[in-house]
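Below: one structure, written as structure tokens.
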Amino acid sequence: MGPRPENTSIGSSADKPADGNVAGSDEGRSLNFIEQIIEADQRTGKNDGRVHTRFPPEPNGYLHIGHAKSICLNFGLAERYGGLCNLRFDDTNPTKEDVEYVDSIQEDVKWLGFDWEDRLYYASDRFEELYQFAERLIEEGLAYVDSQDLDEMRANRGTVNEAGKDSANRSRSVEENLDLFRRMRAGEFPDGAHVLRAKIDMTHPNMLMRDPLLYRIRHAHHHRTGDSWCIYPMYDWTHGQCDSLEGITHSICTLEFETHRALYDWFIERLGLHHPQQIEFARLNLSYMVMSKRKMLELVESKLVSGWNDPRMPTISGLRRRGFTPESIRAFCHRIGIARMNSTVDLSWLEQAIRDDLNVRAPRVMGVLRPLRLVIENYPEDQVDDLEAANHPADESFGTRSVPFSREVYIEQEDFLEDAPKKYFRLSIGREVRLRYAYLVTCTGVVKDDEGNVIEVRCTYDPESKGGNAPDDRKVKGTIHWVSAKHAVDAEVRLYDRLFNQETPEDVPEGQDWKDSLNPDSLEVLGGAKVEPALAGAEPGTRFQFERNGYFCVDDASTSECLVFNRTTTLRDSWSKQQSNS
RNA sequence: UGCCCUGUAGUGUAACGGUAGCACGAUUGACUCUGACUCAAUUAGUCUAGGUUCAAAUCCUAGCGGGGCAACCA
């Protein structure tokens with residue numbers, strides 16, 4: 001990539017795997033409650049010791065970090081116990097679903113590093129089987145066609161404090177039910193005319209058991225089955241049977257399906273099928289983030305973000321574009337654990353996970369975000385030094401590269417201060433700092449514009465300090481990064497901050513909209529950044545550490561004419577923390 | 001005036017009637033050609049009240065707090 005043949009390819013090693021297991025060793029780790037269930041099942045010989053899980057998204061949106069938790073759980077369990085994990089699309093609602101989502105979901109699961117092999121299933125592939133099951137239920141008097149309208153049905157369902165009332169249609173004969181149901185399938189009725197319901201108990205304290213709907217009429221085009229169906233099964237009628245037919249042993253879902261478990265079991269038992277165990281765990285909540293598909297869709301559609309893969313979004317595609325590695329996301333999911341209690345993980349955990357990973361695998365490079373010209377008065381006009389710089393401070397296998405140095409360099413604006421406090425280790429008039437890998441320089445003065453802004457810093461260098469060390473071994477506390485002005489490559493750098501200012505943006509105070517807490521400064525675009533020449537032509541997706549500035553990833557929009565970087569995350573910064581604390 | 005689930009350091013999770021641990025953070029120090037990394041140390045916890053027990057985070061009762069359930073969504 002770089003123009004200099006002596007360089008090792010600093011970009012290509014960006015995806016070099018971290019040594020050691022970034023996800024942490026499982027040895028000696030205590031078991032989460034699901035692993036305990038599985039191990040107990042294996043001890044008793046349930047399912048012949050088999051472990052078979054599944055990840056069952058509805059293709060109605062892009063996957064996000066919360067799905068990643070579920071993916072890591074389901075595929076991880078299969079891996080840990082020598083079992084299998086399926087990918088299944090829960091595509092029973094044609095009006096909300098699309099192949100765009102089917103494709104992106106597969107891409108994201110693969111990118112995360114998981115493989116369903118030949119076990120890709122669609123609930124829609126089982127519409128016929130599910131239909132036959134429904135006829136069986138009708139024949140056994142366990143289901144009936146109801147013809148109440150929506151409002152009637154709602155009214156008769158009762159409330160959490162009041163029992164529901166039986167529908168007048170509840171006593172229809174098996175023959176009539178079968179006839180009506182077949183005609184529903186045949187397309188004789190308009191949307192909403194009838195539904196098929198299970199006959200359970202309209203007074204049940206669990207609302208889900210008050211004669212739940214199995215089928216609704218929907219004359220809609222399905223992204224897979226086309227127009228061959230006009231009745232579509234509901235989630236509850238679909239999910240457990242699909243689990244069962246796929247031979248799933250442990251059907252893991254989030255807590256909001258807890259009350260559905262009674263129904264799940266009821267259907268499987270009446271049908272006499274293999275009985276997977278539904279197990280619920282707490283979904284992931286992240287501070288300063290919204291995770292509902294509805295809200296994310298609204299952000300996308302109202303152009304408050306650039307798309308599903310906006311680097312500020314919690315989507316897998318957003319995180320990928322932001323520069324996250326799959327390993328870091330898996331490590332994050334591992335670190336947050338699995339439990340049944342609702343909780344909120346701080347957004348900083350995600351940053352910490354990517355820092356840990358990139359620290360090991362990202363080559364170091366120098367880039368100046370907000371340039372300030374530094375002129376080295378005693379350095380000859382036409383001279384250029386080629387200085388050797390390590391691509392990684394702790395891993396020699398990354399090799400070295402050569403960085404050109406000349407009389408004028410750019411330094412970071414914040415690395416110069418006229419009135420500097422004692423503990424400021426950077427440049428100020430009369431003070432000496434090290435230009436990383438280059439020379440020690442001492443500031444002699446500044447040039448200001450009419451308004452008094454510093455537009456140039458002057459200094460002298462110690463020719464004896466080439467490479468960064470003085471012959472007399474004098475200690476220089478500060479080391480700053482730089483880029484040779486005449487060799488610099490221009491770049492656009494996009495800095496990201498949290499999307500919301502509210503820790504829990506979903507908790508909206510009355511009279512406000514959840515979008516009111518959007519952070520207006522979540523994106524800052526720096527158009528005039530300067531990076532070292534080795535970065536010219538860096539491929540989209542390549543990750544670097546800009547020393548002292550953070551981790552950066554070449555954006556998909558980057559071209560050879562115009563480099564564009566996304567800042568994945570900053571480095572930890574105890575200096576600015578110290579500043580803000582005092 | 002229902003049913004179900006759930007309360008452990010700041011955060012996330014362990015402890016399965018028997019020593020309350022771990023991770024992340026925070027703080028301090030060491031190291032340092034990244035105020036990064038690394039290393040060391042420190043910090044801080046069982047919602048409340050009763051009860052059972054030799055022994056309770058764990059079991060029981062009551063209270064308090066959080067979440068879910070009344071789409072022809074998943």
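Within every chain, numbering begins at 1; the chains are lettered A, B, ... in the order of the sequence lines, protein sequences first and strands thereafter.
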### Task
Give a yes-or-no answer on whether the side chains of A/D385 and A/Y439 include a donor-acceptor pair shorter than 3.5 Å.
yes
### Message
Does A/R335 contact B/U13 through a side-chain donor or acceptor facing the base, at a distance under 3.5 Å?
### Response
no
### Query
Which glycosidic conformation, syn or anti, is assigned to B/A44 if syn requires a torsion within 90° of zero?
anti
### Message
Between the base of B/G12 and the ring of A/W349 - centre-to-centre under 5.5 Å, planes within under 30° - is that a stack?
### Response
no
### Task
Describe the nucleic acid contact of A/K577 in one word from base, sugar-phosphate, nothing, applying a heavy-atom distance below 4.0 Å.
sugar-phosphate
### Query
Under 4.0 Å: is that the gap between some side-chain N or O of A/R572 and OP1 or OP2 of B/U34?
no
### Task
May I ask you to verify if any side-chain N or O of A/Q352 is less than 4.0 angstrom from the OP1 or OP2 atom of B/G25?
yes
### Chi angles and distances behind the side chain to side chain contact (heavy atoms under 4.5 Å, CB included) call for A/R548, A/D415
CA-CA 11 Å; A/R548 306 207 306 135; A/D415 284 341; 2.3 Å; yes
#### Entry: A/S343 side-chain N/O to B/U13 phosphate OP1/OP2 under 4.0 Å
yes
### Message
Counting only side-chain heavy atoms from C-beta out, which of B/C4, B/G35, B/G12 sits nearest to A/Q578?
### Response
B/G35
### Message
Applying a 4.0 Å non-hydrogen cut-off, can you work out what A/R340 is touching in the nucleic acid: base, sugar-phosphate, or nothing?
### Response
sugar-phosphate
### Task
Quick one: look up who B/U38 pairs with, Watson-Crick or G-U, both distances under 3.5 Å, and put none if it's unpaired.
B/A30
### Task
Tell me what A/I338 touches on the nucleic acid: a base, only sugar-phosphate, or nothing, going by heavy atoms under 4.0 Å.
sugar-phosphate
### Query
Is the closest basic N to carboxylate O distance between A/E532 and A/R401 below 4.0 Å?
yes
### Query
Taking 4.0 angstrom as the limit, do A/R210 and A/D201 come out as a salt bridge?
no
### Query
Where the side chain of A/N32 is defined as all heavy atoms beyond and including C-beta, which of B/U1, B/U34, B/A14 is the nearest nucleotide?
B/A14
### Message
Under 4.0 Å, heavy atoms only, any strand: does A/Y424 hit a base, just the sugar-phosphate, or nothing?
### Response
base
### Query
So, is A/R355 near the phosphate of B/C37, with a side-chain N or O under 4.0 Å from OP1 or OP2?
no
#### Entry: Any-strand Watson-Crick or G-U partner of B/A23, both distances under 3.5 Å
B/U11
### Task
Determine the contact category for A/E280: base if any of its heavy atoms lies under 4.0 Å from a base atom, sugar-phosphate if only primed atoms, P, OP1 or OP2 are that close, otherwise nothing.
nothing
### Query
What string of B, S and - do you get for nucleotides 69-74 of chain B 5' to 3' if you count protein non-hydrogen atoms under 4.0 Å?
BBSBSB
### Message
Does this structure show an ion pair linking A/E280 with A/R340, if we count only N-O contacts that are shorter than 4.0 Å?
### Response
yes
### Task
Would you indicate what A/T344 reaches in the nucleic acid, counting non-hydrogen atoms under 4.0 angstrom: base, sugar-phosphate, or nothing?
sugar-phosphate
### Query
Base, sugar-phosphate, or nothing for A/A394, non-hydrogen atoms under 4.0 angstrom?
nothing
### Message
So that I can tick it off, tell me whether A/R170 and A/D211 are bridged by a salt bridge, with the cut-off set at under 4.0 angstrom between side-chain N and carboxylate O.
### Response
yes
### Task
Side chain of A/N161 only, please: which of B/G35, B/U1, B/C37 is the nearest?
B/U1
## Note on the structure
Paired to B/C69 by Watson-Crick or G-U wobble criteria (both distances under 3.5 Å) is B/G2
#### Entry: Side-chain donor-acceptor contact under 3.5 Å, A/N93 with A/E58
no
### Task
For B/C59, give its Watson-Crick or G-U wobble partner with both distances under 3.5 Å, or none.
B/G51
